[in-house]
Amino acid sequence: MELSRIGRQMATPSGLRAIMDDISTATSAAPALTWRNLGVGNPAAIPAVCDWWQGLAAEALAEGFADVSCRYGASRGLPRLVDAITGYFNRHYDWDIGPQNVVVGPGSQLLCFMAAAMFTGPGCVRDSKLVLPMAPDYTGYQGLSMAAGAASGVDPLLVTEGQRTFRYDLDLAAVSKRSDAGMFLLSSPSNPAGRCLRTGERASLIEIAGDFRVPLMIDHAYGYPFPGITEVPTAPVWHDHVINSFSLSKTGLPGERLGFVIAPERYATPLVSFVANSTLHAPQLVQATVARALEDDAIDAVVAAAITPFYAERRKYLESHLASALPSGIDWRIHASEGGMFVWLWVDEDWFEDLTVYRLLKERGVFIVPGRHFFTDPEQDRPLGRHLRQCVRISMTPDPEDLAVGVTLIAEALADMSSAADRTADRPN
Ligand code: PLP
(Lines give C-alpha, C1' and ligand atoms only; values in the text may rest on other atoms or scores of the structure.)
Protein backbone atom coordinates (compact mmCIF):
# COMPACT_ATOMS: atom_id res chain seq x y z
CA MET A 1 0.00 0.00 0.00
CA GLU A 2 1.30 3.44 -0.89
CA LEU A 3 0.48 6.27 1.48
CA SER A 4 0.38 9.86 0.30
CA ARG A 5 2.76 12.41 1.83
CA ILE A 6 -0.03 13.52 4.17
CA GLY A 7 -0.90 9.88 4.78
CA ARG A 8 2.68 9.10 5.83
CA GLN A 9 2.76 12.11 8.12
CA MET A 10 -0.55 11.28 9.79
CA ALA A 11 0.31 7.58 10.10
CA THR A 12 3.54 8.32 11.99
CA PRO A 13 3.12 7.71 15.71
CA SER A 14 4.49 10.48 17.93
CA GLY A 15 7.15 9.75 20.55
CA LEU A 16 4.52 10.01 23.23
CA ARG A 17 2.21 7.60 21.37
CA ALA A 18 5.05 5.04 21.50
CA ILE A 19 5.21 5.50 25.30
CA MET A 20 1.43 5.14 25.64
CA ASP A 21 1.58 1.94 23.53
CA ASP A 22 4.41 0.68 25.73
CA ILE A 23 2.32 1.32 28.86
CA SER A 24 -0.62 -0.52 27.39
CA THR A 25 1.53 -3.48 26.19
CA ALA A 26 3.30 -3.78 29.56
CA THR A 27 0.10 -3.65 31.61
CA SER A 28 -1.79 -6.13 29.44
CA ALA A 29 1.20 -8.54 29.41
CA ALA A 30 1.26 -8.63 33.24
CA PRO A 31 -2.28 -7.89 34.43
CA ALA A 32 -1.65 -9.55 37.79
CA LEU A 33 0.96 -6.94 38.73
CA THR A 34 -0.17 -3.80 40.54
CA TRP A 35 0.60 -1.06 38.04
CA ARG A 36 0.54 2.54 39.12
CA ASN A 37 0.03 4.79 36.16
CA LEU A 38 1.10 8.30 37.12
CA GLY A 39 1.31 9.17 33.44
CA VAL A 40 -2.40 9.34 32.67
CA GLY A 41 -3.81 12.32 30.82
CA ASN A 42 -7.40 11.50 31.74
CA PRO A 43 -9.15 13.93 34.05
CA ALA A 44 -10.38 12.50 37.35
CA ALA A 45 -13.94 11.13 37.38
CA ILE A 46 -15.16 13.27 40.29
CA PRO A 47 -18.41 11.66 41.53
CA ALA A 48 -20.33 14.94 42.07
CA VAL A 49 -19.37 16.10 38.58
CA CYS A 50 -20.31 12.76 36.94
CA ASP A 51 -23.69 12.82 38.71
CA TRP A 52 -24.38 16.37 37.61
CA TRP A 53 -23.54 15.67 33.94
CA GLN A 54 -25.56 12.47 34.08
CA GLY A 55 -28.59 14.42 35.30
CA LEU A 56 -28.26 17.00 32.51
CA ALA A 57 -27.70 14.29 29.89
CA ALA A 58 -30.84 12.49 31.12
CA GLU A 59 -32.80 15.71 30.75
CA ALA A 60 -31.43 16.29 27.24
CA LEU A 61 -32.23 12.70 26.31
CA ALA A 62 -35.76 12.84 27.67
CA GLU A 63 -36.61 16.21 26.16
CA GLY A 64 -34.85 16.24 22.83
CA PHE A 65 -33.64 12.84 21.66
CA ALA A 66 -35.65 12.82 18.43
CA ASP A 67 -34.64 16.38 17.60
CA VAL A 68 -30.94 16.17 18.32
CA SER A 69 -29.96 12.53 17.88
CA CYS A 70 -32.24 11.52 15.03
CA ARG A 71 -31.38 14.43 12.71
CA TYR A 72 -28.34 15.98 11.16
CA GLY A 73 -27.65 19.47 12.40
CA ALA A 74 -25.74 22.68 11.80
CA SER A 75 -21.97 22.55 11.26
CA ARG A 76 -21.40 25.63 13.44
CA GLY A 77 -23.06 23.80 16.32
CA LEU A 78 -26.51 23.15 17.74
CA PRO A 79 -28.18 26.59 17.70
CA ARG A 80 -29.21 26.19 21.33
CA LEU A 81 -25.58 25.57 22.34
CA VAL A 82 -24.22 28.37 20.14
CA ASP A 83 -26.71 30.76 21.81
CA ALA A 84 -25.80 29.43 25.24
CA ILE A 85 -22.10 30.04 24.50
CA THR A 86 -22.59 33.60 23.24
CA GLY A 87 -24.90 34.37 26.17
CA TYR A 88 -22.46 32.93 28.70
CA PHE A 89 -19.39 34.80 27.41
CA ASN A 90 -21.19 38.09 26.82
CA ARG A 91 -22.66 37.89 30.34
CA HIS A 92 -19.43 36.95 32.09
CA TYR A 93 -16.88 38.99 30.18
CA ASP A 94 -18.92 41.82 28.78
CA TRP A 95 -18.13 40.70 25.24
CA ASP A 96 -20.30 41.39 22.26
CA ILE A 97 -20.00 38.16 20.32
CA GLY A 98 -22.67 36.52 18.19
CA PRO A 99 -23.14 33.12 16.54
CA GLN A 100 -20.79 34.20 13.74
CA ASN A 101 -17.94 34.03 16.27
CA VAL A 102 -18.56 30.49 17.54
CA VAL A 103 -17.54 27.12 16.11
CA VAL A 104 -18.42 23.92 17.98
CA GLY A 105 -16.45 20.79 17.17
CA PRO A 106 -15.89 17.22 18.32
CA GLY A 107 -13.17 18.09 20.85
CA SER A 108 -10.77 21.00 20.99
CA GLN A 109 -7.97 18.81 19.59
CA LEU A 110 -9.77 18.61 16.25
CA LEU A 111 -10.52 22.33 16.28
CA CYS A 112 -6.81 23.04 16.87
CA PHE A 113 -6.00 20.62 14.05
CA MET A 114 -8.38 22.41 11.70
CA ALA A 115 -7.00 25.82 12.62
CA ALA A 116 -3.42 24.60 12.07
CA ALA A 117 -4.39 23.13 8.71
CA MET A 118 -6.09 26.35 7.63
CA PHE A 119 -3.68 28.98 8.89
CA THR A 120 -0.26 27.31 8.51
CA GLY A 121 1.62 25.46 5.80
CA PRO A 122 2.25 25.97 2.13
CA GLY A 123 -0.06 28.27 0.22
CA CYS A 124 -0.45 30.95 2.90
CA VAL A 125 1.20 34.31 2.28
CA ARG A 126 4.41 32.47 3.07
CA ASP A 127 5.12 28.79 3.69
CA SER A 128 4.42 29.05 7.39
CA LYS A 129 4.73 26.98 10.53
CA LEU A 130 2.66 26.32 13.60
CA VAL A 131 4.77 28.07 16.23
CA LEU A 132 4.42 27.16 19.90
CA PRO A 133 5.58 30.33 21.70
CA MET A 134 6.65 28.39 24.73
CA ALA A 135 7.71 24.76 24.61
CA PRO A 136 7.29 22.52 26.52
CA ASP A 137 3.64 22.37 25.56
CA TYR A 138 0.93 19.80 24.86
CA THR A 139 2.42 16.97 22.76
CA GLY A 140 -0.83 16.78 20.80
CA TYR A 141 0.17 20.05 19.09
CA GLN A 142 3.06 18.33 17.35
CA GLY A 143 0.68 16.11 15.43
CA LEU A 144 -1.51 18.97 14.30
CA SER A 145 0.26 19.57 11.06
CA MET A 146 -0.10 17.54 7.92
CA ALA A 147 3.42 18.61 6.92
CA ALA A 148 6.40 16.95 8.65
CA GLY A 149 8.17 19.16 11.19
CA ALA A 150 5.77 22.05 10.70
CA ALA A 151 5.15 22.51 14.43
CA SER A 152 8.06 24.35 15.94
CA GLY A 153 8.51 25.38 19.58
CA VAL A 154 10.33 28.35 21.04
CA ASP A 155 12.38 27.31 24.04
CA PRO A 156 11.58 29.15 27.27
CA LEU A 157 13.86 31.06 29.58
CA LEU A 158 14.51 29.03 32.69
CA VAL A 159 14.35 30.74 36.08
CA THR A 160 15.11 28.95 39.35
CA GLU A 161 13.19 30.01 42.45
CA GLY A 162 14.35 29.04 45.95
CA GLN A 163 15.68 25.52 46.45
CA ARG A 164 12.99 23.35 44.93
CA THR A 165 11.05 25.42 42.40
CA PHE A 166 11.64 26.80 38.94
CA ARG A 167 9.57 28.47 36.28
CA TYR A 168 9.65 28.99 32.55
CA ASP A 169 9.42 32.48 31.17
CA LEU A 170 8.36 33.31 27.65
CA ASP A 171 11.30 34.28 25.47
CA LEU A 172 9.39 37.09 23.79
CA ALA A 173 12.45 38.33 21.90
CA ALA A 174 12.78 34.89 20.28
CA VAL A 175 9.03 34.67 19.59
CA SER A 176 9.10 38.07 17.91
CA LYS A 177 11.66 36.75 15.42
CA ARG A 178 9.40 33.94 14.24
CA SER A 179 8.35 35.51 10.98
CA ASP A 180 7.80 31.95 9.71
CA ALA A 181 4.69 31.65 11.93
CA GLY A 182 1.30 31.09 10.30
CA MET A 183 -0.30 30.70 13.72
CA PHE A 184 0.87 30.78 17.33
CA LEU A 185 -0.65 28.23 19.69
CA LEU A 186 -0.21 27.68 23.41
CA SER A 187 -2.08 26.17 26.34
CA SER A 188 -2.70 28.14 29.52
CA PRO A 189 -2.48 26.65 32.10
CA SER A 190 -0.02 24.62 30.13
CA ASN A 191 0.22 20.91 29.77
CA PRO A 192 2.73 19.77 31.08
CA ALA A 193 4.20 22.53 33.30
CA GLY A 194 0.97 24.11 34.54
CA ARG A 195 2.24 27.55 33.63
CA CYS A 196 -0.32 30.33 33.22
CA LEU A 197 0.02 33.11 30.73
CA ARG A 198 0.04 36.52 32.42
CA THR A 199 -2.10 39.27 30.93
CA GLY A 200 1.01 41.31 30.08
CA GLU A 201 2.59 38.36 28.29
CA ARG A 202 -0.65 37.74 26.46
CA ALA A 203 -0.72 41.35 25.31
CA SER A 204 2.85 40.98 24.00
CA LEU A 205 1.96 37.79 22.11
CA ILE A 206 -1.09 39.47 20.62
CA GLU A 207 1.10 42.33 19.46
CA ILE A 208 3.57 39.94 17.83
CA ALA A 209 0.73 37.99 16.16
CA GLY A 210 -0.70 41.29 14.94
CA ASP A 211 2.66 42.35 13.50
CA PHE A 212 2.80 39.10 11.50
CA ARG A 213 -0.93 39.29 10.70
CA VAL A 214 -1.50 35.76 12.01
CA PRO A 215 -3.79 34.38 14.72
CA LEU A 216 -2.77 33.58 18.28
CA MET A 217 -4.73 30.53 19.43
CA ILE A 218 -5.05 30.25 23.20
CA ASP A 219 -6.06 26.82 24.46
CA HIS A 220 -8.00 27.06 27.74
CA ALA A 221 -8.40 23.28 28.17
CA TYR A 222 -7.50 23.61 31.89
CA GLY A 223 -8.32 27.25 32.46
CA TYR A 224 -11.09 29.73 32.93
CA PRO A 225 -14.03 29.75 32.95
CA PHE A 226 -14.19 25.94 32.96
CA PRO A 227 -12.71 23.63 34.17
CA GLY A 228 -11.01 26.33 36.28
CA ILE A 229 -8.04 24.15 37.27
CA THR A 230 -5.84 27.12 38.01
CA GLU A 231 -4.69 29.37 40.77
CA VAL A 232 -4.19 32.30 38.41
CA PRO A 233 -7.73 33.19 37.40
CA THR A 234 -7.14 34.95 34.09
CA ALA A 235 -10.27 35.78 32.11
CA PRO A 236 -10.07 34.95 28.39
CA VAL A 237 -9.66 37.94 26.13
CA TRP A 238 -11.59 38.92 23.01
CA HIS A 239 -9.26 40.33 20.38
CA ASP A 240 -9.13 40.68 16.64
CA HIS A 241 -6.09 38.36 16.43
CA VAL A 242 -7.08 35.79 19.05
CA ILE A 243 -8.76 32.43 18.59
CA ASN A 244 -9.90 31.19 22.00
CA SER A 245 -10.25 27.42 22.32
CA PHE A 246 -12.37 25.78 25.03
CA SER A 247 -12.89 22.13 25.90
CA LEU A 248 -15.46 20.28 27.95
CA SER A 249 -13.07 17.37 28.51
CA LYS A 250 -11.48 18.46 31.76
CA THR A 251 -14.85 19.60 33.06
CA GLY A 252 -15.77 15.93 33.07
CA LEU A 253 -16.77 14.90 29.53
CA PRO A 254 -13.57 13.69 27.78
CA GLY A 255 -15.34 10.75 26.17
CA GLU A 256 -18.08 12.89 24.66
CA ARG A 257 -15.60 14.87 22.51
CA LEU A 258 -16.85 18.42 22.70
CA GLY A 259 -15.01 21.70 22.34
CA PHE A 260 -15.57 25.08 20.77
CA VAL A 261 -13.68 28.12 19.63
CA ILE A 262 -14.61 31.77 19.89
CA ALA A 263 -12.92 33.89 17.26
CA PRO A 264 -13.32 36.83 14.91
CA GLU A 265 -15.60 35.98 12.04
CA ARG A 266 -12.80 35.82 9.45
CA TYR A 267 -11.29 32.90 11.39
CA ALA A 268 -14.56 31.28 12.48
CA THR A 269 -16.23 31.13 9.05
CA PRO A 270 -13.59 28.95 7.32
CA LEU A 271 -13.45 26.74 10.42
CA VAL A 272 -17.20 26.08 10.14
CA SER A 273 -16.65 24.98 6.53
CA PHE A 274 -13.81 22.72 7.63
CA VAL A 275 -16.14 21.10 10.20
CA ALA A 276 -18.76 20.65 7.47
CA ASN A 277 -16.26 19.13 5.02
CA SER A 278 -14.63 16.78 7.47
CA THR A 279 -17.18 15.67 10.04
CA LEU A 280 -20.48 17.51 9.26
CA HIS A 281 -20.93 18.51 12.89
CA ALA A 282 -20.18 17.52 16.48
CA PRO A 283 -22.49 15.01 18.22
CA GLN A 284 -25.65 16.78 19.27
CA LEU A 285 -26.90 15.04 22.39
CA VAL A 286 -23.85 16.24 24.28
CA GLN A 287 -24.28 19.70 22.75
CA ALA A 288 -27.82 19.80 24.14
CA THR A 289 -26.45 18.67 27.52
CA VAL A 290 -23.75 21.34 27.62
CA ALA A 291 -26.20 24.05 26.52
CA ARG A 292 -28.18 23.35 29.69
CA ALA A 293 -25.02 23.70 31.80
CA LEU A 294 -24.23 27.13 30.35
CA GLU A 295 -27.69 28.68 30.08
CA ASP A 296 -28.16 29.21 33.80
CA ASP A 297 -24.44 29.32 34.72
CA ALA A 298 -24.85 26.03 36.61
CA ILE A 299 -21.41 25.03 35.33
CA ASP A 300 -19.82 27.81 37.44
CA ALA A 301 -21.12 26.34 40.70
CA VAL A 302 -19.86 22.87 39.79
CA VAL A 303 -16.43 24.21 38.84
CA ALA A 304 -16.17 26.23 42.08
CA ALA A 305 -17.52 23.54 44.40
CA ALA A 306 -16.16 20.34 42.90
CA ILE A 307 -13.47 20.77 40.23
CA THR A 308 -11.16 23.63 41.27
CA PRO A 309 -10.88 22.44 44.90
CA PHE A 310 -10.40 18.80 43.86
CA TYR A 311 -7.28 19.57 41.81
CA ALA A 312 -5.97 22.15 44.31
CA GLU A 313 -6.16 19.49 47.01
CA ARG A 314 -4.51 16.86 44.78
CA ARG A 315 -1.70 19.22 43.86
CA LYS A 316 -1.01 19.95 47.52
CA TYR A 317 -1.04 16.23 48.30
CA LEU A 318 1.29 15.24 45.46
CA GLU A 319 3.71 18.12 46.01
CA SER A 320 3.96 17.44 49.74
CA HIS A 321 4.67 13.74 49.08
CA LEU A 322 7.37 14.69 46.59
CA ALA A 323 8.89 17.17 49.05
CA SER A 324 9.12 14.61 51.82
CA ALA A 325 10.09 11.54 49.72
CA LEU A 326 12.57 12.73 47.09
CA PRO A 327 16.23 12.48 48.17
CA SER A 328 17.40 15.77 49.66
CA GLY A 329 20.92 15.44 48.20
CA ILE A 330 19.63 15.54 44.65
CA ASP A 331 19.00 18.75 42.71
CA TRP A 332 15.32 18.33 41.87
CA ARG A 333 12.75 21.06 41.34
CA ILE A 334 9.12 21.31 40.33
CA HIS A 335 7.64 23.96 38.07
CA ALA A 336 5.83 26.71 40.02
CA SER A 337 2.35 25.31 40.47
CA GLU A 338 -0.24 27.52 38.83
CA GLY A 339 -2.75 25.07 37.37
CA GLY A 340 -3.42 22.11 35.14
CA MET A 341 -3.49 18.44 36.01
CA PHE A 342 0.22 17.69 36.27
CA VAL A 343 3.35 18.22 38.30
CA TRP A 344 6.42 18.86 36.14
CA LEU A 345 9.57 17.57 37.81
CA TRP A 346 13.08 18.55 36.75
CA VAL A 347 16.10 16.63 38.01
CA ASP A 348 19.14 18.76 37.28
CA GLU A 349 21.82 16.10 37.60
CA ASP A 350 24.28 14.89 34.95
CA TRP A 351 23.26 11.29 35.52
CA PHE A 352 19.53 11.89 35.07
CA GLU A 353 17.68 11.12 31.86
CA ASP A 354 13.90 10.98 31.50
CA LEU A 355 13.90 7.78 29.42
CA THR A 356 16.16 6.00 31.90
CA VAL A 357 13.95 6.83 34.87
CA TYR A 358 10.91 5.83 32.78
CA ARG A 359 12.50 2.38 32.24
CA LEU A 360 13.53 1.97 35.91
CA LEU A 361 10.08 2.96 37.10
CA LYS A 362 8.39 0.62 34.66
CA GLU A 363 10.41 -2.22 36.24
CA ARG A 364 8.89 -1.13 39.57
CA GLY A 365 5.35 -1.05 38.16
CA VAL A 366 5.09 2.74 37.91
CA PHE A 367 4.56 4.89 34.83
CA ILE A 368 5.40 8.55 34.43
CA VAL A 369 5.73 10.45 31.15
CA PRO A 370 9.25 11.29 29.92
CA GLY A 371 9.44 15.05 29.40
CA ARG A 372 11.38 15.27 26.12
CA HIS A 373 8.24 14.68 24.05
CA PHE A 374 6.80 18.02 25.16
CA PHE A 375 9.65 19.90 23.47
CA THR A 376 10.03 20.03 19.71
CA ASP A 377 13.34 18.56 18.46
CA PRO A 378 14.50 17.48 21.94
CA GLU A 379 17.60 15.74 20.60
CA GLN A 380 18.91 18.89 18.95
CA ASP A 381 21.69 20.67 20.86
CA ARG A 382 20.75 24.16 22.01
CA PRO A 383 21.08 26.48 25.04
CA LEU A 384 18.58 24.56 27.22
CA GLY A 385 20.93 21.59 26.81
CA ARG A 386 20.28 18.63 29.06
CA HIS A 387 17.14 20.21 30.51
CA LEU A 388 15.21 18.97 27.45
CA ARG A 389 15.79 15.41 28.64
CA GLN A 390 15.73 15.98 32.40
CA CYS A 391 12.02 16.45 33.11
CA VAL A 392 9.12 14.10 33.72
CA ARG A 393 5.37 14.68 33.94
CA ILE A 394 3.44 13.26 36.87
CA SER A 395 -0.35 13.23 36.74
CA MET A 396 -2.46 14.33 39.72
CA THR A 397 -5.48 12.24 38.80
CA PRO A 398 -4.57 8.73 40.07
CA ASP A 399 -5.91 7.69 43.48
CA PRO A 400 -4.05 9.23 46.42
CA GLU A 401 -2.74 5.84 47.49
CA ASP A 402 -1.26 5.19 44.03
CA LEU A 403 0.24 8.67 44.04
CA ALA A 404 1.86 8.10 47.45
CA VAL A 405 3.30 4.68 46.52
CA GLY A 406 4.32 5.96 43.08
CA VAL A 407 6.23 8.88 44.62
CA THR A 408 8.05 6.54 47.02
CA LEU A 409 9.12 4.40 44.06
CA ILE A 410 10.22 7.48 42.10
CA ALA A 411 12.36 8.46 45.11
CA GLU A 412 13.89 4.97 45.20
CA ALA A 413 14.67 5.06 41.49
CA LEU A 414 16.37 8.46 41.85
CA ALA A 415 18.43 7.22 44.81
CA ASP A 416 19.51 4.17 42.76
CA MET A 417 20.46 6.30 39.76
CA SER A 418 22.43 8.65 41.97
CA SER A 419 24.30 5.79 43.73
CA ALA A 420 25.10 4.15 40.40
CA ALA A 421 26.54 7.47 39.18
CA ASP A 422 28.62 7.77 42.40
CA ARG A 423 30.01 4.26 41.94
CA THR A 424 30.97 5.02 38.36
CA ALA A 425 32.69 8.24 39.45
CA ASP A 426 34.65 6.40 42.19
CA ARG A 427 35.88 3.69 39.80
CA PRO A 428 39.62 4.14 39.03
CA ASN A 429 40.28 4.90 35.35
N1 PLP B 1 -5.38 20.88 24.86
C2 PLP B 1 -4.61 20.46 25.87
C3 PLP B 1 -3.64 21.41 26.47
C4 PLP B 1 -4.73 19.16 26.35
O5 PLP B 1 -3.95 18.76 27.36
C6 PLP B 1 -5.67 18.29 25.76
C7 PLP B 1 -5.83 16.91 26.22
O8 PLP B 1 -5.19 16.43 27.10
C9 PLP B 1 -6.44 18.78 24.71
C10 PLP B 1 -6.29 20.09 24.28
C11 PLP B 1 -7.46 17.92 24.01
O12 PLP B 1 -8.71 18.35 24.42
P13 PLP B 1 -10.06 17.76 23.82
O14 PLP B 1 -10.40 16.55 24.64
O15 PLP B 1 -11.05 18.86 23.96
O16 PLP B 1 -9.81 17.39 22.39
Side-chain angles (χ1 to χ4, degrees), residues 14 16-17 19-20 23 37-45 49 53 77 81 85 102-117 130 132-145 151 153 168 183-197 216-230 234 236 243-262 271 274-275 278-279 282-283 286-287 289-290 293 299 307 311 335 338-344 369 371 373-376 393-397:
S14 65
L16 190 64
R17 172 57 42 207
I19 295 285
M20 292 306 167
I23 293 177
N37 189 353
L38 275 51
V40 284
N42 247 326
V49 180
W53 280 123
L81 176 60
I85 291 170
V102 175
V103 189
V104 177
S108 66
Q109 172 90 18
L110 189 58
L111 290 165
C112 290
F113 180 88
M114 291 173 179
L130 172 65
L132 316 179
M134 209 203 67
D137 209 334
Y138 176 43
T139 55
Y141 296 158
Q142 293 178 41
L144 292 183
S145 180
Y168 294 126
M183 181 171 95
F184 292 102
L185 169 63
L186 84 169
S187 58
S188 176
S190 75
N191 170 4
R195 186 187 192 280
C196 292
L197 196 59
L216 165 67
M217 188 163 194
I218 304 178
D219 177 353
H220 304 273
Y222 301 93
Y224 263 77
F226 40 82
I229 311 174
T230 171
T234 312
I243 302 177
N244 282 294
S245 166
F246 301 92
S247 166
L248 271 302
S249 296
K250 275 60 183 185
T251 314
L253 297 177
E256 288 301 321
R257 313 304 306 124
L258 198 74
F260 58 92
V261 300
I262 298 182
L271 282 169
F274 202 135
V275 173
S278 55
T279 180
V286 65
Q287 293 194 59
T289 304
V290 171
I299 197 163
I307 301 180
Y311 286 101
H335 191 276
E338 297 173 341
M341 286 180 358
F342 310 101
V343 167
W344 183 241
V369 178
H373 303 298
F374 297 86
F375 294 93
T376 55
R393 192 190 77 175
I394 306 171
S395 171
M396 306 193 305
T397 57

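First listed ligand is number 1; within each ligand, the first listed atom is number 1.
Shown here are the salt bridge (charged side-chain N to carboxylate O under 4.0 Å, His left out) partners of E256, two or more places apart in sequence or in another chain: there are none. Taking Y222 as the reference, nothing meets the ring-ring contact (aromatic ring centres under 6.0 Å, His included) condition, with sequence neighbours excluded. Not counting sequence neighbours, the partners of Y138 by the side chain to side chain donor-acceptor pair (under 3.5 Å) test are Q109.
Between F246 and H220, the ring planes lie parallel to each other; the angle is under 30°, not in the 30° to 60° tilted range. Aromatic ring pairs are classed by plane angle as parallel below 30°, tilted from 30° to 60° and perpendicular above 60°; the pair W344 and F374 is perpendicular.
Side-chain contact of D137 with S190: a donor-acceptor pair under 3.5 Å is absent, judged by distance alone.
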Provide, line by line, the atom pairs where ligand 1 and the protein bring an N/O atom each to a distance under 3.5 Å; else say none.
residue	atom	partner	partner atom	Å
ligand 1	1 (N)	D219	OD2	2.6
ligand 1	5 (O)	N191	ND2	2.9
ligand 1	5 (O)	Y222	OH	2.7
ligand 1	8 (O)	K250	NZ	2.7
ligand 1	12 (O)	S108	OG	3.1
ligand 1	14 (O)	S249	OG	2.5
ligand 1	14 (O)	R257	NH1	2.8
ligand 1	14 (O)	R257	NH2	3.4
ligand 1	15 (O)	S108	N	2.8
ligand 1	15 (O)	S108	OG	2.8
ligand 1	15 (O)	S247	OG	2.7
ligand 1	15 (O)	S249	OG	3.4
ligand 1	16 (O)	S108	N	3.2
ligand 1	16 (O)	Q109	N	2.9
ligand 1	16 (O)	R257	NH2	2.7

